[in-house]
Visitor: 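The structure's right below; bear with me while I get my questions together.
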Amino acid sequence: MSKKKEKITRRKFVNQAAKGYASVQLASVLPVSLPDTVDEGTTYHGVCYHDCPDSCSWKVTVQDDKVISFGADKENPFTAGKLCGKMETFPRDITYHPDRLLTPLKRVGKKGEGKFEPINWDQAISELGDQLKDVISRHGSESVLSHGYMGTQSLVQKSAMSSRFFARMEASEIAHTICGGAVVPAIFEVNGTSMGVLPEDMQHSRYIILWGTNTKHSNMHQWPYALKAREAGARIIVVDPFVSATAEEADWHIQPLPGTDVALALGMMHVIIKENMVDQEYIDQYTSGFKDLKEHVKSYDPTSVSQICGLPENDIIKLAHEYATTEPSLIRIMVGMEHNYNGGDGTRAVAILPALTGAWRKLGGGLMHLTFEMAGHALNWERLEYHKQMPTQPKRSLNMVQIGQILNNRELNPAIQAIFIFNSNPMATTPNANLTKRGLEREDLLTVVLEHFMTETAKYADYIFPATTQLEHWDIADSWGQVYVNINQPAISPRGEARPNSEFFRLLAKEMDYTEECFQESDKDMVKSAFDSDHPYLEGIDFEYMQNHGWARYKIPEPYLPHAKGNFATTSGKCEFISQQNGLPSYKEVVYSEEEKINFPLQLLTVKKTKGFHNSSHANVRHLRQKEGRPWLDIHPSDAKARNISSGDEVIVYNQRGKVFLEAKVRESIRPGVVCMPHGYWPSLIKGGQASNHLTDDRLTDIGGGAALQDCRVEVEKG
Ligand SMILES: Nc1nc2c(c(=O)[nH]1)N[C@H]1C(S)=C(S)[C@@H](COP(=O)(O)OP(=O)(O)OC[C@H]3O[C@@H](n4cnc5c(=O)[nH]c(N)nc54)[C@H](O)[C@@H]3O)O[C@H]1N2
Ligand SMILES: Nc1nc2c(c(=O)[nH]1)N[C@H]1C(S)=C(S)[C@@H](COP(=O)(O)OP(=O)(O)OC[C@H]3O[C@@H](n4cnc5c(=O)[nH]c(N)nc54)[C@H](O)[C@@H]3O)O[C@H]1N2
Ligand code: SF4
Ligand SMILES: [Mo]
């Protein structure tokens, strides 16, 4: 395979190591001893594959097909010389993990029992092809469900080949709703786009509200821009029902009850409009629906909002004042705020605020959300999403939040008879896991999993195929949190018999007699074709440039002031306060059954707050798990006292769906009536075998069919 190589001499290696580039050297990367000297190696460009806004660039140096150094690409300004803690040791922790799956496996025990025997690729693909043909002939192609998600968000291994395969088959596809399912459509209803203030322009802001996002932790390369702004006089406000790592560092932490953001934003509007702190000219020229909004927010007075949100009235008034009178003001949202029944309307209400005050006029002012549309414009999607041009298409889309219901629903027409799970671990990451388990236990369900590890989900497979990691395959990464594009060059040969997801689908396509040319395209060619684009964002950037540099920042005209003069991407071209589909945003009480209200009085938040895990990824890495310690429950002293619970006690958190054993941490960081546990621990690696999503409900958000994960009621008892 011809890879663009940068020869590295020993001197150069030592120099780079000294500069900190070679942040992880051989001894800590490989389970073998360190040779005395490193004479030379070959350095490759790569990019982090995680579903993370930062999409960091890395460099990896290889000698004799072994990784000898790995670390952040020092030259990428956004990566800023540092990968996060969990990724610094990625080669050792994931690629060379002793438990890595290195051969295809076939189930020999009962479903879920975890008993498998190795099988060779040819045999496994041949058996699978036969079984799949049988399923399709008896139940139709829509009885096959493709359940791929964002375990890698790099485009080739995420979906470029698999989408062709499932389009050709006319299978059912899974709707990707669990992350961004509510915030994205909601923001589009208001602004017609998710694009707003560029990440780097946060440094120009003077009032930054980090609204339901744990920047320091989930978007750590954004945090320095907040600090830069603070050095220049900005205040940093965090709106979060929990004292997150970011809230701890905020100038002001506003701690509303979960799911009440919509009321808080409407309450701010009430004050802003009543006290005439609006930018009337901006409103008149660039927005629609103000008259109705003005009427609507009259009922969201500080007294009423204070009761909904559980906040002092004065805080609501003060926040409205500070926000409306400090320029430029910026609201940063990501995903944290969407995971409740009011998630969509909360997003819409927050998105209206910058238009009301005209914050969009100044650099660093407005809303900062997701940046995926940059790549959407720049790259050649006709090639990347080739499946969209195929004459056959997936016919049915099913909501991943309710995978448990889907697998158990025999009334579906047709019911699901075969499922392909790749880049995802639904037993750990989707709600109501015990229901999913029941579905995956069905003897008549053909389950195929492509994985690096024997996850809780993989245990239920009939066939498991070992997948390559980011060090072993080609790929390309767009980003949803910054404005760089990266390529990923394979640096080492695949370990064992691991193969890229794309190769699995190529082989199976052949077995299924899918003879179309698109199944011949190589991964490298797919990467290449993505840069076959004449969009101005990619001016001077082609595949060759990417081979040499690894990454590129889109050529965005600056200063980037997307809505200084309106220019919204809605059908009216205006910021739409009233959505055509959903009217004005409003607060809705979450409906629980009487039984739930009585038996399960506490609201449980399951939050991605472990530094060492990425969703459920890395939670099987011993040193990271040791750092995180036992999974725990934050509980307020008043709730703990009522249950005779002290810090350090084992507690059982339970509801009608599941039961989880945790260690109590009694602290004020959580509000009375709310408890919080980390999300990400592998159920199989903690006591009792159940984790966060064994408790969560699979109810949907108000907009977009997202996951209302945080609307979850539990009771807690001493264990
Ligand atoms: N270290 C690490 N980084 C990650 C991830 C990871 O697992 N680990 N996951 C990545 C992924 S997939 C994503 S989507 C992003 C998500 O990153 P964020 O958008 O920051 O979302 P979360 O981390 O889910 O939640 C952020 C905060 O929202 C708060 N929150 C919960 N409910 C509410 C509410 O009703 N209102 C408000 N205002 N706040 C609420 C939580 O307490 C939490 O502190 O992070 C990415 N980065
Ligand atoms: N309770 C609760 N649940 C949540 C959340 C929460 O905050 N609370 N957050 C939600 C959010 S925002 C998200 S994005 C989802 C994430 O949900 P998932 O996408 O299921 O995330 P991961 O747990 O990281 O699982 C990804 C799997 O992909 C595998 N993988 C990685 N790279 C590859 C590859 O190249 N090939 C193959 N075949 N496999 C690969 C990894 O080994 C891992 O097991 O979880 C959601 N679930
Ligand atoms: S998980 Fe996020 S912060 Fe960590 S290396 Fe990957 S992209 Fe960077
Ligand atoms: Mo996510």
Side-chain angles (χ1 to χ4, degrees), residues 47-58 72 79 82-88 90 94 148-154 157-158 176 178-180 183 210-215 217-221 238-247 254 256-261 264 333-340 342-343 346 421-426 428-431 449-453 455 457-458 465-470 472-473 475 477 479-481 500-501 504 605-620 676-677 679-680 691-693 695-696 707 709-710 712:
V47 55
C48 182
Y49 59 104
H50 278 314
D51 184 2
C52 175
D54 297 16
S55 294
C56 296
S57 304
W58 70 46
T79 304
K82 203 168 166 38
L83 305 177
C84 64
K86 64 182 171 282
M87 283 306 285
E88 277 172 352
F90 159 69
I94 303 291
Y149 194 49
M150 297 276 279
T152 171
Q153 65 175 2
S154 298
Q157 306 310 335
K158 182 177 80 172
H176 289 173
I178 206 159
C179 175
V183 282
L210 304 173
W211 201 314
T213 179
N214 189 357
T215 312
H217 179 91
S218 53
N219 184 196
M220 65 169 258
H221 295 84
V238 168
V239 181
D240 193 316
F242 175 71
V243 185
S244 65
T246 313
I254 296 169
L257 284 163
T260 63
D261 306 278
L264 178 57
I333 59 171
M334 281 219 303
V335 173
M337 175 171 90
E338 82 167 7
H339 284 142
N340 58 74
N342 282 287
I421 303 175
F422 53 104
N423 306 331
S424 108
N425 184 7
T429 57
T430 41
V449 174
L450 317 188
E451 250 302 344
H452 299 149
F453 297 109
T455 60
T457 305
F465 291 86
T468 42
T469 67
Q470 196 79 333
E472 301 159 311
H473 54 225
D475 223 317
S479 170
W480 50 273
N501 295 341
F504 167 84
L605 301 180
T606 52
V607 175
K608 301 184 273 285
K609 58 184 175 175
T610 55
K611 264 194 157 160
F613 312 157
H614 198 90
N615 299 310
S616 76
S617 293
H618 301 253
N620 61 333
C676 184
M677 71 172 282
H679 164 65
S692 54
N693 280 320
L695 295 166
T696 51
L709 298 162
Q710 315 294 16
C712 171

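Ligands are counted one by one from 1 in listed order, and the atoms in each one are counted from 1 as well. Worth knowing before you read on, the calculation uses all heavy atoms, side chains too, and leaves out hydrogens, waters and symmetry mates.
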Visitor: Who gets closest to atom 22 (P) of ligand 1 by heavy atom: Ser244, Gly180, Gly336?
Guide: Gly336

Visitor: Would you mind listing which atoms of ligand 1 come within a distance below 4.0 Å of any non-hydrogen atom of Thr213?
Guide: 18 (P), 19 (O), 20 (O), 26 (C)

Visitor: Quick test: of every protein heavy atom, which one is nearest to atom 19 (O) of ligand 2, and how far off is it to 0.1 Å?
Guide: Tyr149 CD2, 3.1 Å

Visitor: Below 4.0 angstrom from a heavy atom of Pro258, which ligand 1 atoms are there? Numbered from 1 as shown, please.
Guide: 35 (O)

Visitor: Give me the residue, atom name and distance of the protein heavy atom closest to atom 2 (C) of ligand 1.
Guide: Lys86 NZ, 3.7 Å

Visitor: Can you name the atoms of ligand 1, numbered from 1 with element, that are less than 4.0 Å from a heavy atom of Phe242?
Guide: 42 (O)

Visitor: Looking only at heavy atoms, what is the nearest atom pair of Lys608 and His339, with distance?
Guide: NZ-CE1, 4.4 Å

Visitor: Are side-chain heavy atoms of Asn615 and Ser617 found at a separation under 4.5 Å?
Guide: no

Visitor: What residue and heavy atom of the protein are closest to atom 40 (C) of ligand 1, and at what distance?
Guide: Pro241 CD, 3.3 Å

Visitor: Answer yes or no: does an N/O atom from Val607 fall short of 3.5 Å to an N/O atom of ligand 1?
Guide: no

Visitor: Among protein heavy atoms, which sits nearest to atom 26 (C) of ligand 1, and what does the distance come to when rounded to 0.1 Å?
Guide: Gly212 O, 3.5 Å

Visitor: Which atoms of ligand 2 sit under 4.0 Å from any heavy atom of Ala467?
Guide: 36 (N), 37 (C), 38 (N)

Visitor: Return the minimal non-hydrogen interatomic distance between Gly612 and Lys86, and the atom names on each side.
Guide: O-CB, 3.4 Å

Visitor: N/O of Asn425 under 3.5 Å from N/O of ligand 2, yes or no?
Guide: yes

Visitor: If you apply the rule side-chain hydrogen bond (donor to acceptor under 3.5 Å, both in side chains), what do you find for Thr606 with His679, and how did you get there?
Guide: CA-CA 5 Å; Thr606 52; His679 164 65; 5.5 Å; no

Visitor: Show the numbers, then the answer: is there a side-chain hydrogen bond (donor to acceptor under 3.5 Å, both in side chains) between Asn219 and Asp54?
Guide: CA-CA 6 Å; Asn219 184 196; Asp54 297 16; 2.7 Å; yes

Visitor: How does Asn693 reach ligand 2, if at all, at less than 4.0 Å between non-hydrogen atoms: by side chain, backbone, both, or neither?
Guide: side chain

Visitor: Taking side-chain hydrogen bond (donor to acceptor under 3.5 Å, both in side chains) as the test, write out the residues that go with Thr215, two or more places apart.
Guide: none

Visitor: Check ligand 2 against Cys179 and write out every atom of the ligand that is under 4.0 Å from a heavy-atom position of the residue.
Guide: 12 (S), 14 (S)

Visitor: For ligand 2, which atoms, with element, lie under 4.0 Å from some heavy atom of Ser424?
Guide: 20 (O), 26 (C), 27 (C), 28 (O)

Visitor: Any donor-acceptor pair under 3.5 Å linking the side-chain atoms of Thr152 with those of Asn423?
Guide: no

Visitor: For His473 versus Pro500, what's the shortest heavy-atom pair and its separation?
Guide: CB-CG, 4.1 Å

Visitor: May I ask you to test the Val239-Leu264 pair for a side-chain heavy-atom distance under 4.5 Å?
Guide: yes

Visitor: Should Thr610 be listed as contacting ligand 1, given a heavy-atom distance under 4.0 Å as the test?
Guide: yes

Visitor: Could you tell me the residue and atom name of the protein heavy atom closest to atom 4 (C) of ligand 2, and the distance to it rounded to 0.1 Å?
Guide: His679 NE2, 3.3 Å

Visitor: For atom 7 (O) of ligand 1, what's the nearest protein heavy atom and its distance?
Guide: Asn615 N, 2.7 Å

Visitor: Considering heavy atoms of the protein only, find what lies nearest to atom 18 (P) of ligand 1 and give residue, atom and distance to 0.1 Å.
Guide: Ser218 OG, 3.6 Å

Visitor: Decide whether Trp211 and Asp240 meet the rule of one side-chain donor and one side-chain acceptor closer than 3.5 Å.
Guide: no

Visitor: Report the nearest protein non-hydrogen atom to atom 23 (O) of ligand 2: residue, atom name, distance rounded to 0.1 Å.
Guide: Ser616 OG, 2.4 Å

Visitor: Quick one: which ligand 2 atoms are inside 4.0 Å of a heavy atom on Gly151?
Guide: 19 (O), 26 (C), 28 (O), 31 (C), 32 (N)

Visitor: What's the shortest distance from atom 46 (C) of ligand 2 to any protein heavy atom, and which residue and atom give it?
Guide: Thr429 O, 3.5 Å

Visitor: Any N or O on Thr215 sitting closer than 3.5 Å to an N or O of ligand 1?
Guide: no

Visitor: Could you tell me the residue and atom name of the protein heavy atom closest to atom 34 (C) of ligand 2, and the distance to it rounded to 0.1 Å?
Guide: Asn423 OD1, 3.3 Å

Visitor: Looking at Thr455, which atoms of ligand 2 are within less than 4.0 Å of one of its heavy atoms?
Guide: 44 (O)

Visitor: Does the ring centre of His618 sit less than 6.0 Å away from the ring centre of His50?
Guide: yes

Visitor: Tell me whether the rings of Tyr49 and Phe90 are parallel (<30°), tilted (30 to 60°) or perpendicular (>60°).
Guide: tilted

Visitor: Please report the shortest heavy-atom distance between Asn425 and Ser616, naming the atom on each side.
Guide: ND2-OG, 3.0 Å

Visitor: Of all the atoms in ligand 3, which lie at a distance below 4.0 Å from a heavy atom belonging to His221?
Guide: 3 (S), 8 (Fe)

Visitor: Step by step, would you call Trp58 with Gln470 a side-chain hydrogen bond (donor to acceptor under 3.5 Å, both in side chains)?
Guide: CA-CA 11 Å; Trp58 70 46; Gln470 196 79 333; over 6 Å; no

Visitor: Nearest protein heavy-atom contact for atom 14 (S) of ligand 2: which residue, which atom, what distance?
Guide: Asp51 OD2, 3.1 Å

Visitor: Do Thr429 and Tyr149 come within less than 4.5 Å of each other through their side chains, counting heavy atoms only?
Guide: no

Visitor: Return the set of protein N, O or S atoms whose distance to atom 4 (Fe) of ligand 3 is under 2.8 Å, each given as residue and atom.
Guide: Cys84 SG

Visitor: Which of the listed options, Glu451, His452, Lys608, holds the heavy atom that is closest to atom 29 (C) of ligand 2?
Guide: Glu451

Visitor: Report the member of Thr430, Asn501, Thr152, Thr606 with the shortest heavy-atom distance to atom 1 (N) of ligand 2.
Guide: Thr606

Visitor: How far apart are the closest heavy atoms of Gly680 and Ala619, and which atoms are they?
Guide: O-CB, 3.4 Å

Visitor: Nearest heavy atom to atom 5 (C) of ligand 1: which of Lys609, Met87, His618, His614 does it belong to?
Guide: His614

Visitor: Would you mind telling me if ligand 3 is within reach of the side chain of Ser55, the backbone, both or neither, using heavy atoms under 4.0 Å?
Guide: backbone

Visitor: Let me see the working for Glu472 and Thr469 under side-chain hydrogen bond (donor to acceptor under 3.5 Å, both in side chains), right down to the final yes or no.
Guide: CA-CA 5 Å; Glu472 301 159 311; Thr469 67; 2.9 Å; yes

Visitor: Looking only at heavy atoms of Thr468, does any of them come nearer than 4.0 Å to an atom of ligand 2?
Guide: yes

Visitor: Looking at Ser617, which atoms of ligand 2 are within less than 4.0 Å of one of its heavy atoms?
Guide: 22 (P), 23 (O), 24 (O), 41 (C), 43 (C)

Visitor: Test your reading of the structure: does Asn340 have an N or O sitting under 3.5 Å from an N or O of ligand 1?
Guide: yes

Visitor: Among all protein non-hydrogen atoms, which one is nearest to atom 35 (O) of ligand 1, and what is the separation to 0.1 Å?
Guide: Gly259 N, 2.7 Å

Visitor: How far is atom 8 (N) of ligand 1 from the closest protein heavy atom, and which atom is that?
Guide: Phe613 O, 3.1 Å

Visitor: Could you identify the single nearest non-hydrogen protein atom to atom 15 (C) of ligand 2 and state the distance to 0.1 Å?
Guide: Ile178 CG2, 3.8 Å

Visitor: Any idea which atoms of ligand 2 are less than 4.0 Å away from a heavy-atom of Leu709?
Guide: 2 (C), 3 (N), 4 (C), 5 (C), 6 (C), 8 (N)

Visitor: Suppose we measure from atom 27 (C) of ligand 1 to each protein heavy atom; which comes out shortest, and what is that distance?
Guide: Asp240 OD2, 3.2 Å

